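Worksheet: one structure, shown below.
Quick caveat: nothing in here was measured; it's all calculated off a predicted structure.
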Amino acid sequence: MLKSLYISNHALIDEIDVGFENGLNVLTGETGAGKSTIIEALSLILGERASSDVVRKGAEKTVVEGVLQVAGNRKLKRSLEENQIDFSDELLLRREVSLKGQSRCFINDTPTTLAVLCSVGDLLVDLHGQHQHQSLLKVDTHIDQIDEFGGATGSVSDFQRSYDRMKELIRKFRELQQREHQLKEKRDLYEFQIKEIDAVYPRAGEEEELEQELKILENAEKLYEVTSQLYGLLYEDDHSISDQLASVGRMLEGLLKIDQTFEEPMKEASAAEVVVGELAKTIQAYRSKIEFNPERLEQARERLGNLSLLKKKYGSSIDAILEHRRRIGAEVDLAETFDEALQKLQEDIEKERAVCSEIAQRLSSKRKEVARRLNKAIVEELAKLGIPNASFEVRVENRILPSAAGSVDSSPHVKLGKELYETTPKGIDFVEFYISTNIGEDVKPLAKVASGGEISRIMLALKSILAKADRLPLLIFDEIDIGISGRIAQTVGMSLKNLSKFHQVIVITHLPQIAGAADHHYVVEKIEEGGRAVTRIRKLTLEDRVREVARLMSGAKVTEAGLKGARELIGSSARN
């Protein structure tokens, strides 16, 4: 729902700030007052392209801001999140167009592109007039319209899930086929590498162990010499540390007999003697194990050299070599079972295709049945709106594929009987609305019908039938009253009134029958201010509404009879 619209320096508008309400909002005013200019400004925040011509003379830029209530709009929330824009219950759209033709777009104060602004507008507003936001003129929305009208969205979701599973299986099948082709080219290389790695047979942590062992072997003489010196100093030599500590202990023992103060030092000296004895044993044990083994030294050097060669070819570490061996080993193992793996995937694809085909057939039958109902209902509605000789046709087309398209790795498709069908995530159906508004004329695509009041009435008829299913919260009708009057105008007014039970509706009109149906009535006026023409908009009170409807009925001179007729028209519309 559009809560408010702010426009600054756009054509005849210097500045207006207007609030809108739920229900049917009607804009009236003299020709040239600026009613369509307001809608044109609104279209800017819906992603419409603009030039510097829209900037009011003397201003630097046009600014348009709209605040919309969007609570619960899941599609919009998803779209904003995909574009890294925060979602809240109120949505602020802003557009600036400068004299240089530069355009800046903002959503919730976040700068964005015109394309994103347009996509957001498509989720919020259907604008019928000389503008682009007419969802029913976009062929790709037609299938969604009949699915929502016919209550088929659940089946569509079921189909999409099955279709996505089939797509994923086909992707895996293609990937496996590609890997098979690549592996055939690389298999000899992989087998050579496996043989080369296995010949060395590296193991995790081996390199560090070898480097430590090599360091010891290369320094065996020094290790023996130093440990011998240490053992002698600690225990074996004359006046060794052990002998001296024993002497210290005896001297402290003598002192202890004289003074008990030496009890603790004597214990410490005794402990030191034990520590030195243990240290000497450790040194002696290590010295006894030292090997002078040139053969083992050469083996260690050679082994490290082999590991180094492997690292240069297959990784920066033993762990990297082992991971490479694991990976290419798995590839070679897979080569032995490619046929079985492809066969299994092919069977899974065909099983999922059968599921997809069954749902698609059911969905297609439902759409064709809904299309028949929709055709009849819209023709009847068009007759009420003053297009009595209309023909309307929802075409549900299925496109058969050539049999050559049926390979297992081709794009996802559905098979019914012996025929293959072009398939999209929405099924096998391609839906488009066709219409003719004149007797004897062939129906043509709705997207190609003439613009103006007739197309607006066609849209009104479609929206009236699809009202409960249509998810767009705001509908805007410009030029809907071209070529109609009297009873048809009153019917159009009532159709708009009924439509406003499901959507917020904004309509521009010159007809009292439509204005009388309004829930909220605004008048657009052109006045002179500071020697220049400016556009103003104001919301009417009930009494002002009566006078404005009377003016539409009788012209510039409002009579008492006109006022009475206006009150009756407004009252009658309110009762209906």
* Asked: Side chain of Thr112, backbone of Cys105: donor and acceptor closer than 3.5 Å?
  -> no
* To do: Test side chain to side chain donor-acceptor pair (under 3.5 Å) on Glu350 and Gln346 and set out the steps.
  => CA-CA 6 Å; Glu350 292 311 319; Gln346 186 169 357; 5.5 Å; no
* Asked: Within the distance-only criterion (no hydrogens, no angle test), does the side chain of Ser364 pair as donor or acceptor with the backbone N or O of Gln361 below 3.5 angstrom?
  -> no
* Is a donor on one side and an acceptor on the other found under 3.5 Å between the side chain of Ser495 and the backbone of Thr491? -> yes
* Asked: So do Ile45 and Tyr6 actually touch side chain to side chain, heavy atoms under 4.5 Å?
  -> no
* Output the distance between atom NE2 (His503) and atom CE (Met1), rounded to the nearest 0.5 Å. => 15.0 Å
* Looking only at side chains, do Asp429 and Asn398 share a donor and an acceptor under 3.5 Å apart? -> yes
* In plain terms, say whether Arg95 and Glu48 are close enough for a salt bridge, that is, a side-chain N and a carboxylate O under 4.0 Å apart. => no
* Asked: Taking 4.0 angstrom as the limit, do Lys384 and Glu380 come out as a salt bridge?
  -> no
* **More than 12 heavy atoms from other groups under 6.0 Å of CD on Glu208** => yes
* Hey, are the side chains of Leu342 and Phe173 touching, using non-hydrogen atoms and a 4.5 Å cut-off? -> yes
* Is there a donor-acceptor pair under 3.5 Å between the side chain of Arg303 and the backbone N or O of Val200? -> yes
* Do Glu323 and Arg327 meet the salt-bridge criterion of a basic N to acidic O distance under 4.0 Å? -> no
* From Glu381 atom CD to Ile458 atom CD1, the distance as rounded to the nearest 0.5 Å -> 12.5 Å
* Asked: Would you call Lys366 and Glu369 a salt bridge, taking side-chain N to carboxylate O under 4.0 Å as the test?
  -> no
* To do: Answer yes or no: is there an ion pair linking Lys186 with Glu331, defined by an N-O contact shorter than 4.0 Å?
  => no
* **Asp147/Lys426 ion pair, N-O < 4.0 Å** => no
* Asked: Side chain of Ser162, backbone of Phe159: donor and acceptor closer than 3.5 Å?
  -> no
* Structure fact -> The residue among Leu91, Leu123, Val116 that forms side-chain contact (heavy atoms from CB on, under 4.5 Å) with Leu80 is Leu91
* Asked: Any donor-acceptor pair under 3.5 Å linking the side chain of Ser43 with the backbone of Glu40?
  -> yes
* Decide side chain to side chain contact (heavy atoms under 4.5 Å, CB included) for Ser79 and Asn83; before the verdict, give the C-alpha distance in whole Å, the side-chain angles of both, and the deciding distance to 0.1 Å. => CA-CA 7 Å; Ser79 176; Asn83 289 285; 4.1 Å; yes
* Any Arg373 side-chain heavy atom under 4.5 Å of Val370 side chain -> yes
* Between Arg399 (side chain) and Glu422 (backbone), is there a donor-acceptor pair under 3.5 Å? -> no
* Within the side chain of Thr423, is there an N or O that forms a donor-acceptor pair under 3.5 Å with the backbone of Val414? -> yes
* To do: Using a strict 4.0 Å threshold on nitrogen-to-oxygen distance, state whether Glu358 and Arg362 make a salt bridge.
  => yes
* Asked: How far does CD1 of Ile465 sit from CG of Leu499, to the nearest 0.5 angstrom?
  -> 10.5 Å
* Asked: How long is the span from the CG atom in Leu474 to the CD1 atom in Ile506, to the nearest 0.5 Å?
  -> 5.0 Å
* Counting heavy atoms not belonging to Arg203, are there more than 12 under 6.0 Å from its CZ? -> yes
* **Candidate pair Phe433 and Ile378, rule side chain to side chain contact (heavy atoms under 4.5 Å, CB included), full reasoning** => CA-CA 11 Å; Phe433 296 165; Ile378 287 175; over 6 Å; no
* Asked: Quick one: does Asn389's side chain have a donor or acceptor within less than 3.5 Å of a partner on Asn438's backbone?
  -> no
* Validation row: Ile514, Phe477 side chains within 4.5 angstrom (heavy atoms) -> no
* Whether over 12 other heavy atoms sit under 6.0 Å from Ile439 CD1 -> no
* Arg49 side chain to Leu114 backbone, donor-acceptor under 3.5 Å -> no
* Asked: In Å, rounded to the nearest 0.5 Å, how long is the span from CD of Glu196 to CG of Asp198?
  -> 10.5 Å
* **Atom NZ of Lys368 with >12 non-hydrogen neighbours under 6.0 angstrom** => yes
* To do: In plain terms, say whether Glu218 and Arg301 are close enough for a salt bridge, that is, a side-chain N and a carboxylate O under 4.0 Å apart.
  => yes
* Asked: From Lys415 NZ over to Cys356 SG, what is the distance, rounded to the nearest 0.5 angstrom?
  -> 14.5 Å
* Can a salt bridge be assigned to the pair Glu175 and Arg171 using a cut-off of 4.0 Å between side-chain N and carboxylate O? -> yes
* Salt bridge between Glu393 and Arg395, side-chain N to carboxylate O under 4.0 Å? -> yes
* Take atom CD in Glu295; do more than 12 heavy atoms of anything else shown fall under 6.0 Å from it? -> no
